[in-house]
Structures are given as C-alpha cells and as structure tokens.
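Heads up: the structure comes next, in structure tokens.
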Amino acid sequence: MAEYKHKEVERKWQRYWADNKIFEANVDHNKPKFYVLDMFPYPSGAGLHVGHPLGYIASDIVSRFKRNKGYNVLHPMGFDAFGLPAEQYAIQTGQHPALTTAENIKRYKDQLQGIGLSYDWDKEVRTCDPKYYKWTQWIFSQLFSCWYNYDSNKAESIETLIAAFEKKGNKKINAACDDDTPIFDAAYWNRLSEAGKAKLLLKYRLTYPADALVNWCPALGTVLANDEVKDGFSERGGHPVERKKMRQWMMRITAYADRLVGNLNKLDWSASMKDMQTNWIGKSYGCELDFEVYDKDIALTCFTTRPDTIFGVTYMVLAPEHELVRELTTEEHREEVEAYVQKAINRSERERMSEIKTVSGVFTGSFVINPFTNEKVPLWIADYVLAGYGTGVVMAVPSSDDRDFRFATYYGLPVKRVIAGTEDLKDPTEIKHGKMINSGFITGMDSSEAVHATIDYAEKEGFGTAKVNYRIRDAVFSRQRYWGEPVPVYFTEDGIPRLLPESELPLELPPIDEYLPTKSGEPPLGRAKKWLYKGKYAYELTTMPGWAGSSWYFLRYMDASNDREFVSKEAAEYWNSVDLYIGGTEHATGHLLYSRFWNLFLYDRGYVTHEEPFQKLVNQGMIQGRSNIAYKLKDEHKFISAGLKKKYDVMELHVDVNIVHNDILDVEAFKKWMPDYKDAEFELEDGKFRCDFAIEKMSKRWYNVVNPDDVIEKYGADTLRMYEMFLGPIELSKPWNTHGIDGVAKFLRRLWALFYDADGKSLVNAGKPKAEEYKALHKTIQKVEMDIENLSFNTSVSEFMICVNALTQLNCHKKEILEKLLIVLSPFAPHIAEELWQSLGHEESIIHAEYPEFDESYIKEDEYEFPVMVNGKMRTKIKFALDKSPGEIENEVLENDVIKKWLDGKSPKKVIVVPKKIVNVVV
RNA sequence: GCCCAGGUGGUGGAAUUGGUAGACACGCAGGACUUAAAAUCCUGUGGCCGUUUAGGCCGUGCGGGUUCAAGUCCCGCCCUGGGUACCA
C-alpha cells in the first residue's frame with residue numbers, strides 16, 4: 001500500500017477481529033485472568049457522542065495491553081436497555097419500546113465497533129432480554145426469601161428465621177426488620193394463621209412491600225429513588241418531584257449499611273468516590289436517650305451524637321409527622337399545632353428547599369424531663385426535625401448546635417452554655433468541643449470523654465443505649481412504568497404477596513394497548529388483559545427500577561449464555577471480581593452502591609466468591625462541548641469576525657462546530673447550513689472568519705455535539721483513540737476540541753513512513769540496531785508500560801511521538817526495532833499496528849504477540865550531566881562519569897571556572913551532591 | 001455551611017513525588033520545496049531588560065513559612081469544578 005489509508009485498514013481489521021473471534025474469552029485455568037469492565041450504556045436515540053468513548057478507549061488499551069502480557073482478558077459490553085426514554089417515545093408513537101431499544105442498540109454497536117474496541121461480543125447482555133431478566137427476577141426472589149441476621153452478620157434463608165420463631169419467638173433475634181415489628185414469643189407465633197405469619201415475615205424479608213413516603217413525579221407518572229432526584233426535580237427530564245405516601249416494594253439496603261461503609265477501605269477507588277459513598281450512607285455514632293413526658297406515662301426517645309451536651313438541653317423538638325404529636329398536644333395549643341403540622345406536611349420538597357434556613361415551629365404545651373437533671377423543658381414541633389432520621393425527636397442544645405441556636409433565639413428559648421470558652425461569645429456554637437462546664441458530674445471533662453461518660457451513665461440507669469445511626473434509607477424498588485422487569489410476585493385473596501415459583505421465571509412483560517396508567521390510576525401493567533397467575537391471582541403491577549438489571553450485569557458477562565444458572569460456580573470463581581472498572585462519577589450513590597449491595601448478598605448466599613465486585617474503579621471525566629459563537633450585526637445580515645466585534649453592536653449566534661475548524665468558520669458551509677444567511681456578508685480578519693468559543697454541555701441545542709463517526713470518517717479510529725487519550729488525564733473533565741488532532745494524525749503518517757516510502761516500497765531492513773535506536777525503543781517500552789499501569793495515557797501518546805521522531809531522525813527502518821514498537825503501540829492504535837505488523841510477515845494477529853521486555857541496559861548512561869547551582873540558582877552544567885564519588889565531584893565542581901567566578905574567592909559553607917540529580921554549592 | 005478535587009505559557013497539558021519548570025502537541029512567526037496551493041520538512045516561540053551577541057532579572061492563583069533547594073511540604077486567604085445539605 002503506497003500510503004496510509006485509514007478507512008481501508010480499519011475496515012479490514014475490524015472485520016478480521018470479528019470473523020475470527022479474536023477477543024473471545026473463556027475460562028482457561030492455564031492463564032491468569034484479568035477482567036476489564038466498562039459501565040454499560042443506556043442506548044439513547046441520539047447515539048454516541050465523542051464523550052462516551054473516552055472511558056471505553058482507556059479500558060480497551062488496558063485490555064489489549066494485558067492480552068499482550070499473557071493474560072486471559074474478559075472485556076465485555078452490553079446495554080442497560082430498560083428505561084424511561086424508550087417508554088416516553090412509546091407513549092408518543094405507540095411503538096413498542098422493545099423495537100426502539102433494539103434499533104438504538106444496533107446503532108450503538110456499530111459505533112462501538114467502528115472505534116475498534118476489543119469486546120467479546122458473544123458475551124453481550126441486554127437487561128430487557130427475558131433470558132437476562134429471568135435472572136434479575138431470580139435474584140429478587142432470593143432477596144425475598146432471605147432475612148438479615150446481625151449476629152452472624154449476613155443474609156440467611158427465611159426458613160432459619162421461621163424455625164427460630166417456632167422455638168423462641170423473636171426476642172433474641174438480632175435482625176434487620178421494620179421499626180414497628182412487635183416483640184412476640186413462640187406461643188404467639190405458633191398461634192398465628194398462615195396469613196398472619198406471612199404478613200409478619202414481610203417485616204424481615206430483604207425485599208418487602210411498604211407504605212413509604214416516596215418521591216413522586218407526576219409528569220413521569222412514577223416514583224423515583226433518592227439518587228434520581230436532584231434539587232427537587234427528576235434527574236431525567238427535570239420535572240418537579242413531590243413527597244407522597246404509596247405502597248412500594250423496598251430493598252433492605254440498610255441491613256448492609258455497615259458493611260458497605262466498612263468494605264470501602266479494601267477497595268482501590270478514588271478518595272472522593274469513597275467519600276461520596278461514606279457520606280451517602282452517613283454512619284454516625286451516638287446514643288438514644290429516653291425523656292419522660294411530664295404528667296404523662298410516655299417517654300420520648302431521641303437520638304444524639306452529642307450526649308455530652310445533655311446539660312445544655314433547654315427544649316425538645318418533635319418532627320411534624322411524628323406519631324405522638326396529637327397525643328402530646330395540650331388542648332389550648334391544639335388548633336395552632338394542627339395548623340402548623342398540616343402546613344408542614346403538605347409542603348412540597350421544593351418549597352422546603354427554598355425555605356431552608358427559615359425558622360418555624362410551634363409549642364405543644366407539653367413538657368419533658370431531662371433524665372440527667374430532672375429539669376422540665378418545653379416540647380416543641382418544628383420542621384427542621386426530620387421524621388425519617390433517628391427517632392424523629394431531637395434534644396435541643398442551642399449552645400452547641402446552629403439550628404437549635406437559631407430556633408431558640410427566634411422563639412426566645414433559653415441558651416445554656418456547657419463548653420468552656422463559649423461564655424462570652426455572641427454565637428456559642430462557634431466552639432463545639434472543649435472542656436465541659438455547668439454540666440454536673442461531667443464538668444471538667446473533655447467533650448469526647450464526656451460522650452462516653454454520659455452513655456455509660458445512661459445505660460447504667462436504664463434510660464439510654466449506645467446507638468449507631470445511618471442516613472441511608474431502604475431503597476424504593478417499584479416503578480409505576482411499563483418498560484422494566486416485572487416483579488415476580490402475585491397476590492392471594494388475603495392481599496399478601498407470594499413469590500412466583502422459580503419454574504415460572506421469567507415472568508415476561510405482557511403486551512398492552514397503551515403505555516399509560518389505567519383510568520383508575522394503576523400502573524400501565526394494569527392494562528394487560530388476562531394477565532393472572534394460574535388464571536386467578538393478580539400479579540404485582542409495578543416494575544423494577546432501572547438499577548435492578550445493572551446491579552448484577554458484571555456477573556452475567558462471565559457466563560452470559562448459561563440458561564441454568566445466573567452464572568456458573570466455575571466462571572464466578574475464575575473471573576472473580578472486576579479488576580478494573582471504568583465509568584463516570586454520576587453513579588457513585590446509585591449503581592455503584594446497589595451493585596455492591598446485591599453482590600454482598602449473593603456472596604452471603606454463596607453464589608459468588610468475592611465480597612466486593614469492583615476492585616479498582618476509575619472515573620473518567622466528562623467531555624464537555626466546545627461551542628462556537630459567531631457575531632452578527634444586530635439588524636443586518638452581516639457577520640463580523642471575532643477579533644473585530646468591539647467595533648460594532650453585535651449579537652451572538654451559536655454555529656455548528658462541525659463547520660468550524662480551529663475556530664475558523666467555513667463560510668461556504670455555513671451558508672449551506674443556514675440558508676437564511678446565504679446572502680449574508682462576512683467581515684474577515686486576515687482573510688479568515690474567526691469565531692469565539694464557550695464551554696457548555698454537549699447538546700444539540702448549542703450545535704456542539706461531535707459524533708465520533710464523523711471524526712473517524714475524517715481521521716480514522718486510531719487517530720480518534722490516540723487523540724482522546726492525548727487530550728489529558730482520563731479523570732479530568734475537559735472540553736472537546738480538535739485543535740491538536742492534526743498532531744496525532746501526523747504522528748500516524750510518520751509512523752507509516754518508517755515502513756514505506758512515498759512509492760509504497762518497503763523500507764524495512766534486517767540490520768542490527770544501533771545503541772541510540774535501542775535506547776529510543778526501550779525508553780518507550782518502559783514509559784508506556786508504567787503509564788498503562790497508572791492509567792496516564794496522555795503521556796504515553798507523547799512518548800510514542802518522541803520515539804517515532806527519534807527513529808525518523810536516525811533514519812531507522814530496522815525490523816527488530818519497529819516490530820517491538822508496534823506491539824507497544826498496538827493497544828493505542830490497533831488497526832495500523834495490525835496492518836504494519838502483517839507487512840513485516842507475521843501471520844497471526846498482533847494480539848497474540850508477546851509484549852517486549854524492557855531492558856535497562858539499553859538506556860543506561862555512563863555519564864550524567866549535573867546541573868550545578870550556587871545558593872540554589874542554576875549556574876552551569878558539568879558532566880561526570882557515573883562511578884565518580886560525591887567527593888570527587890565536589891572537588892571538580894570547586895575547580896570549575898564558572899563556579900569559581902560565582903564563588904568570587906569565598907570558600908563554600910557546604911556542597912550538596914545528590915547523585916544523578918544535582919550539585920548545590922552553598923556560600 | 002460541610003466534604004472532596006483542582007488552579008502551571010496564547011491553548012491542551014508534562015515535571016521520575018522536594019532537585020535544570022514548561023516535555024509532547026496545537027497555535028503563531030520565519031524559512032525550504034512548489035508556477036501556486038495543499039501536504040511535507042527545518043528553525044524559533046514563558047515574560048521583561050539587553051540594538052545583536054554574551055548575559056541578567058522575574059516567573060507555577062495570592063500572602064507568609066520550612067529548606068542548601070518548593071509547582072511539589074506547612075500555615076492563612078482567594079477563585080473554579082464536583083458531591084451533599086435542616087442527618088441532631
């Protein structure tokens with residue numbers, strides 16, 4: 001081939017890889033395994049843009065590198081195919097979401113293959129495929145059939161719980177269960193009807209139905225999980241979200257809260273990712289304290305992390321939703337309290353957001369007694385106390401809590417200072433820890449010491465216990481939508497949910513006529529005709545949320561076509577956990593938490609061999625759009641080049657970035673793109689029309705979407721791959737711009753030119769390489785290998801450029817050098833590497849080539865040029881043989897003319913010689 | 001408010017973790033080839049002073065500090081991005 005034709009080369013090798021199943025990976029005990037995973041995409045109608053492949057290319061480089069290193073690499077791809085957009089489209093057009101989804105997947109696959117990603121497509125999964133969701137339903141069934149035992153600290157079969165109830169009741173059972181679970185003995189249990197037992201067991205199951213306060217999104221007609229709501233609006237579509245109580249399936253993730261936090265330190269994840277999960281789970285240590293209500297036979301239990309400030313309590317607060325509000329309100333305050341509670345409950349999430357920091361509350365008329373002081377303090381109701389956290393009751397210490405302080409100041413409640421140093425402060429909450437004052441028996445202690453002392457005291461006296469609290473709530477698992485996995489549950493006459501037997505799985509989605517809720521407000525599945533279990537029992541009508549299918553797909557890849565198990569024991573054992581997982585940070589508190597939860601559960605049940613699914617996690621940054629802006633005179637069809645805009649009164653106009661190159665507008669293309677302006681005038685500078693730019697989200701609206709297909713068409717997939725890596729560190733968010741892409745394209749042409757001259761004649765010869773040639777090669781081998789281990793691909797691309805430039809300068813066309821260089825380069829630019837590899841006479845794919853070993857002896861220097869400094873300022877450079885001793889170097893430096901001049905006759909105080917680094921002479 | 005991450009030329013970004021700041025690339029300027037353009041190749045390119053040369057001074061958000069030596073470590077600020085928010 002005379003010149004490098006990327007289209008031909010790339011098409012040829014992509015076909016070769018697919019036809020020969022080059023990337024197929026199956027259990028092979030003779031080879032070490034390596035599992036590289038990408039977060040699988042939701043196939044949207046818009047197709048991939050140039051930002052998506054960033055992570056895919058990085059993981060592909062690692063996969064290909066590891067293959068050359070002799071690993072058996074599992075590198076799969078699939079599609080998170082259930083979801084809202086396809087359903088919304090179905091509502092508008094009537095087209096079944098399965099069709100839309102299949103079309104979108106086809107497009108995605110074509111695009112992914114065009115980038116030359118080395119996936120084993122035989123392992124592809126689609127979450128909407130019944131063969132796949134059969135096992136999603138199966139995992140749901142397993143969760144339904146288990147409870148969480150805090151004593152053994154793992155999930156156990158519900159049978160063990162039933163056996164325990166039959167013998168001893170639930171008193172001694174330390175289980176994760178609903179807060180309102182009654183305490184009973186064996187006799188009570190054994191007397192219960194079958195339905196009564198079933199009902200009670202629901203309080204223990206790891207997935208269970210409950211009336212939960214949920215995020216209801218009227219526009220989408222469904223509930224959303226906490227992580228799907230951003231600032232009171234739905235993450236998808238940006239519709240307002242309100243709080244509503246509804247019957248929902250829940251997942252008892254709180255049972256795993258402690259292990260989900262604890263295991264984080266075993267993982268190789270970024271600190272910020274771990275922080276996000278830690279904060280989301282929100283583990284806090286403290287205690288529960290009982291406060292007797294004055295004149296009533298009721299005690300209120302509050303949770304606090306600061307029992308040391310107990311002597312500073314001046315009032316107590318109840319959440320408006322608290323169940324005892326009515327009972328604890330005195331007659332004279334009833335009207336006021338009820339009005340306040342009504343208002344607080346009806347307020348939407350968004351109103352609460354906007355009113356944050358405004359103080360509001362109301363006095364109940366009741367008093368409680370501080371168990372430490374026997375003091376009588378007033379009981380208030382205020383919406384700054386959340387019903388869902390702790391016990392919904394707070395002991396208020398205005399002197400050390402900002403909110404309590406604001407509230408007390410506003411309502412004229414007393415402030416009692418209990419920490420030394422706060423006495424003279426206007427705002428005592430500025431100091432939160434220190435020596436205790438005015439605090440009975442803990443006076444003089446340090447606050448951390450006092451925490452323990454008060455808890456000990458409360459436990460001894462029987463009005464308190466140490467307690468760990470979590471911010472995380474059980475996850476809502478129901479969606480009032482059609483396009484999701486049906487929940488494998490039916491209801492018997494008594495209204496109790498029963499599990500569908502495993503032999504009935506998958507429970508497939510029934511066809512429906514319209515993808516909307518029924519007239520009576522039931523989810524779309526309510527429209528399915530004759531959709532009943534055994535012809536009479538109603539199925540659950542909600543479907544599973546998007547995260548159901550994505551919480552275990554990484555396990556399915558290991559054994560994707562197994563129809564007897566979700567993954568075989570052998571495959572699960574062999575592939576173990578994911579060695580490298582690449583994806584965006586947006587999944588920190590959703591997907592990555594739920595997956596860890598399900599994986600832990602499956603581990604407890606013995607189905608997988610590892611506690612944590614993702615050993616190493618890397619978050620690729622987002623690629624933002626780089627919009628181009630042209631300036632136009634306000635009332636004329638005249639455009640002004642950016643440099644001249646100051647002279648005129650101009651308006652901004654977004655122009656399609658695909659007709660702008662390096663900020664220079666292609667005027668002819670513009671006229672075609674915007675026919676309205678085909679006769680417009682253009683005022684140029686230096687014969688060019690320059691645009692300004694702005695960094696914005698990549699979106700059709702700003703005409704800044706760059707499609708990888710277009711880049712591949714123009715430059716080729718290898719250039720796209722290398723350029724995306726060259727753009728900067730993988731974790732960094734950066735705007736897409738093509739400013740430097742010519743540099744990468746040029747590099748590939750130079751590489752080609754090492755193999756072929758302009759007429760297509762091979763230049764490669766079998767000569768013995770010179771020392772410098774070896775040096776250039778081995779420096780690259782070393783650097784690139786280190787870079788891939790650290791995932792800093794941008795510097796590798798630079799290194800390749802340096803190497804090829806050096807070989808060009810040396811006029812080196814030696815087979816021995818070029819061959820090895822190709823292997824090192826092949827993960828980055830696989831198509832051209834394969835082509836040139838073949839041109840050297842190899843018949844097997846470069847995938848099977850052995851990665852060249854780095855040999856230090858080639859890059860060893862026998863002398864080193866020391867920068868020599870005087871008082872820390874660089875003055876000259878002197879070369880020394882490496883075996884020179886520091887003493888000899890020092891003597892020679894002091895003899896050097898330049899240094900002598902700087903010493904100016906004075907003798908140095910000391911001379912610092914750092915081998916292979918620097919010499920510093922201190923005067 | 002709290003918790004992270006970051007701030008280096010005209011631009012994207014390097015810097016072996018305390019040791020020659022600005023690798024590599026883009027852009028720009030000049031040159032070669034060409035009737036011309038494209039492509040390709042060569043040279044220069046942080047700022048200031050110095051006519052040139054030699055050279056010098058200043059420079060990694062700002063202000064201090066530690067050190068023979070600081071982009072890197074410590075203290076105090078300022079800005080940008082991400083997460084989270086009445087979580088007791």
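These numbers come from a predicted model, not from an experiment. Computed from heavy atoms alone, side chains included, the values below leave out hydrogens, waters and symmetry copies. By convention in this document, chain letters (A, B, ...) are assigned in the order of the sequence lines, proteins followed by strands, and residues within each chain are numbered from 1.
Checking B:rA23, B:rC87, B:rU20 against the side-chain heavy atoms of A:R473 singles out B:rC87 as nearest. Nearest nucleotide to the A:Q809 side chain, out of B:rG13, B:rC4, B:rC42: B:rC42. Taking the side chain of A:T305 as heavy atoms from C-beta on, and the options B:rA88, B:rC41, B:rC57, the nearest nucleotide is B:rA88. Taking only side-chain atoms of A:R471, from C-beta outward, the nucleotide of B:rU84, B:rG82, B:rC68 with the closest atom is B:rU84. Comparing atom distances between the A:F726 side chain and each of B:rA25, B:rC86, B:rC26 picks out B:rA25 as nearest. You'll find that the side chain of A:W902 is closest to B:rG56, out of B:rC68, B:rU84, B:rG56. Proximity note for A:M869 (side chain, C-beta onward) versus B:rC87, B:rA25, B:rG19: the nearest is B:rG19. Nearest nucleotide to the side chain of A:V914, out of B:rG19, B:rA88, B:rG56: B:rG19. Checked against B:rC26, B:rC58, B:rC68, the side chain of A:I912 finds its nearest nucleotide in B:rC68. For A:R749, taking side-chain heavy atoms from C-beta onward, the closest of the listed nucleotides B:rC3, B:rC86, B:rA39 is B:rA39.
Looking at heavy-atom distances under 4.0 Å, A:L732 makes contact with sugar-phosphate atoms alone, never a base. Contact annotation for A:P735: no contact, since no heavy-atom pair falls under 4.0 Å across all strands. Residue A:K877 is classed as a base contact, given a heavy-atom separation below 4.0 Å to a base. Residue contacts for A:S798: at a heavy-atom cut-off of 4.0 Å it reaches a base atom on one of the strands shown.
Protein atom NZ of A:K779 is 10 Å distant from nucleotide atom P of B:rC24, rounded to whole Å. A:N279 places its CG atom 13 Å from the C1' atom of B:rG82, with the value rounded to the nearest Å. Rounded to a whole Å, the CG atom of A:N871 is 19 Å from the P atom of B:rG19. As rounded to whole Å, 8 Å separates atom P of B:rA21 from atom CD1 of A:I918. Across the protein-nucleic acid pair, A:H739 atom NE2 and B:rG9 atom C1' stand 15 Å apart, rounded to whole Å. Here the P atom of nucleotide B:rC26 and the CE atom of A:M722 are 13 Å apart, to the nearest Å. Rounded to an integer number of Å, the gap from NZ of A:K734 to C1' of B:rU80 is 17 Å. Separating the CZ atom of A:F303 from the C1' atom of B:rC87 is a distance of 9 Å, rounded to the nearest angstrom.
At a threshold of 4.0 Å, the pair A:K761-A:D759 does not count as salt-bridged, since none of the basic side-chain nitrogens sits closer than that to a carboxylate oxygen. Note on A:E863 versus A:K879: salt bridge recorded, some NZ/NE/NH1/NH2 to OD/OE distance being below 4.0 Å.
For the pair A:L821/A:L751, a side-chain contact is recorded, criterion being any heavy-atom separation below 4.5 Å from C-beta on.
Positionally, the nearest nucleotide of RNA chain B for A:P729 lies more toward the 5' end than for the other of A:P729 and A:T585.
Note: A:W380 and A:Y315 have perpendicular aromatic rings, judged against thresholds of 30 and 60 degrees for the angle between ring planes. In this structure, A:H591 and A:H587 have perpendicular ring planes: the angle between them is above 60°, well past the 30° mark.
Here B:rU11 sits opposite B:rA25 as a Watson-Crick or G-U wobble pair (both hydrogen-bonding atom distances under 3.5 Å). In this entry B:rG18 has no Watson-Crick or G-U wobble partner, no candidate having both defining distances under 3.5 Å. Across the strands present, B:rC48 finds its partner in B:rG56; the criterion is a Watson-Crick or G-U wobble pair with both atom distances under 3.5 angstrom. The partner of B:rA5, taking Watson-Crick or G-U wobble pairs whose two distances both stay under 3.5 Å, is B:rU80. In this entry B:rU40 has B:rA32 as its Watson-Crick or G-U wobble partner, both defining distances falling under 3.5 Å. Searching all strands for a Watson-Crick or G-U wobble partner of B:rU66 with both distances below 3.5 Å returns nothing.
Residue-to-nucleotide contacts include a donor-acceptor pair under 3.5 Å from the side chain of A:N920 to the base of B:rC68. Evaluation of atom-type donor-acceptor distances gives no pair under 3.5 Å for the side chain of A:K917 against the base of B:rU20.
Here the CZ-OG distance, from A:F405 to A:S399, works out to 9.0 Å after rounding to the nearest 0.5 Å.
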> What do the steps show when you test A:K783 against A:D787 for salt bridge (Lys or Arg N to Asp or Glu O under 4.0 Å), and what is the final call?
Replying inline: CA-CA 6 Å; A:K783 177 92 171 92; A:D787 283 347; 3.2 Å; yes
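Because its glycosidic torsion is within 90° of 0, B:rU17 is reported here as syn. Classified by its glycosidic torsion, B:rG9 falls in the syn category, the angle being within 90° of 0.
When each of A:D308, A:D402, A:D427 is paired with A:K432, the salt bridge (charged side-chain N to carboxylate O under 4.0 Å, His left out) condition holds for A:D402 and for no other.
Between A:K746 and B:rC26 there is a side-chain polar atom (N or O) within less than 4.0 angstrom of OP1 or OP2.
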